[in-house]
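Please read the structure below before turning to the comments.
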Amino acid sequence: MKKGFIKKLIANQYTVVDDITKTEVICQARGKFRYMKVDEDSAFNKQLTKRTKLDTKFIQVSPKVGDNVYYDDKEDQVFITEILPRKNDLVRPDVANVDQVLLVFSAVNPDFSFHLLDMFLIIMNQEHLTPVLVISKIDLIDLETLNQLKEDLKYYEKIGYNVYYVNSKQRIGIDVLTNIFKHKITVLAGQTGVGKSTLLNALMPELRLKTQEISKALGRGKHTTRHTELYNYNEGYIVDTPGFSKIEFKIFYEENLKLYYKDFEKYQEDCKFKNKCNHVHEPGCAVKKAYEDGEILASRYELYVDFFNQIKDQKSKY
Ligand code: ZN
């Protein structure tokens, strides 16, 4: 049995890169589904109920791009025989084992939004994804506003996120950014109009041509064939996503929101009600105090309270 990595899926044909020889092998998946072992922490496991968790050690899934697989090339046709456990699993794009998501925000036009940033970070935390923040169009904003933005974003750097500033047209900040792709699967994401394609073009001009060729081959934008592909870039892989106009997180219980704010955790043990504290109205809340003392970025805490109330309001409508 040989081991490899799925780089591309077009129709039902998988392109697998062999782990040892690094050659590309065209594989099929026998039947519709393959079995995959589910480990304790996998995203799948969370979707299972307590009962099925006990019964199920293996569940049925189709192989997808990003999967590490075993394949068998003894017969004429090469078949994928087993999928290794996934560390995460995205639907759009349909890719598993993503190492990082490059979140592109523009400094202006559309204006930078902490609301959007914090929503994204919640989703990233929920999906076990590591975000990298890229602020684009820094040349289109006055220096004072840019410096204020940088000052506020220092809070996010302090709590462990990497932030990059770029002007894609003049290739400012691009060379530094190219270093983050090595040995990683990176997904590019961003709101419509933030300059994601300009950034992608600055990073890898040849990709645009490739994607255009594919659209042409598939017939004037009619994407009837299932097609996902990772592109080699700086010893890693990159995959683009269409720009979106709206995002939302799905949290049904407001008390779960705090689970996605890692920066609140270190204060929580000093809250009077410890992990029972939701950091909103509770007396003796250390998170709220940290906000009042300016240790937690004001917008960060205030948006948290907004989100908390939104989830609560939604619930009362059911
Ligand atoms: Zn608290």
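All residue numbers refer to positions in the sequence shown, counting from 1. Quantities reported herein were computed from a predicted structural model and do not represent experimental measurements. Both ligands and their constituent atoms are indexed starting at 1 by order of listing.
Of the residues listed (R171, K169, Q170), the one engaging N167 in a side-chain hydrogen bond (donor to acceptor under 3.5 Å, both in side chains) is Q170, and it is the only one.
Other residues, nucleotides and ligands contribute over 12 non-hydrogen atoms within 6.0 Å of the OH atom of Y155.
Residues in residues 281-291 take part in these side chain to side chain donor-acceptor pair (under 3.5 Å) pairs, two or more places apart or across chains: K289-D293, Y291-E302.
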Cut-off 3.5 Å, no hydrogens considered: what does the side-chain donor-acceptor table look like for residues 98-124, sequence neighbours left out?
residue : atom : partner : partner atom : Å
D99     : OD1  : K87     : NZ           : 2.5
D99     : OD2  : I185    : N            : 2.8
Q100    : NE2  : I180    : O            : 2.9
Q100    : NE2  : T186    : OG1          : 2.9
S106    : OG   : V108    : O            : 3.4
S106    : OG   : P110    : O            : 2.7
S113    : OG   : H115    : N            : 3.3
S113    : OG   : L116    : N            : 2.9
D118    : OD1  : Y156    : OH           : 2.7
D118    : OD1  : R300    : NH1          : 2.9
D118    : OD2  : Y156    : OH           : 3.4

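Of all protein N/O/S atoms, those lying under 2.8 Å from the Zn ion (ligand 1) come to 4.
Electrostatic pairing of D89 and K64 counts as a salt bridge here, judged by a charged N lying under 4.0 Å from a carboxylate O.
Partners of T178 under the side chain to side chain contact (heavy atoms under 4.5 Å, CB included) rule, at least two apart in sequence or in another chain, are I174, L203, Y233, N234.
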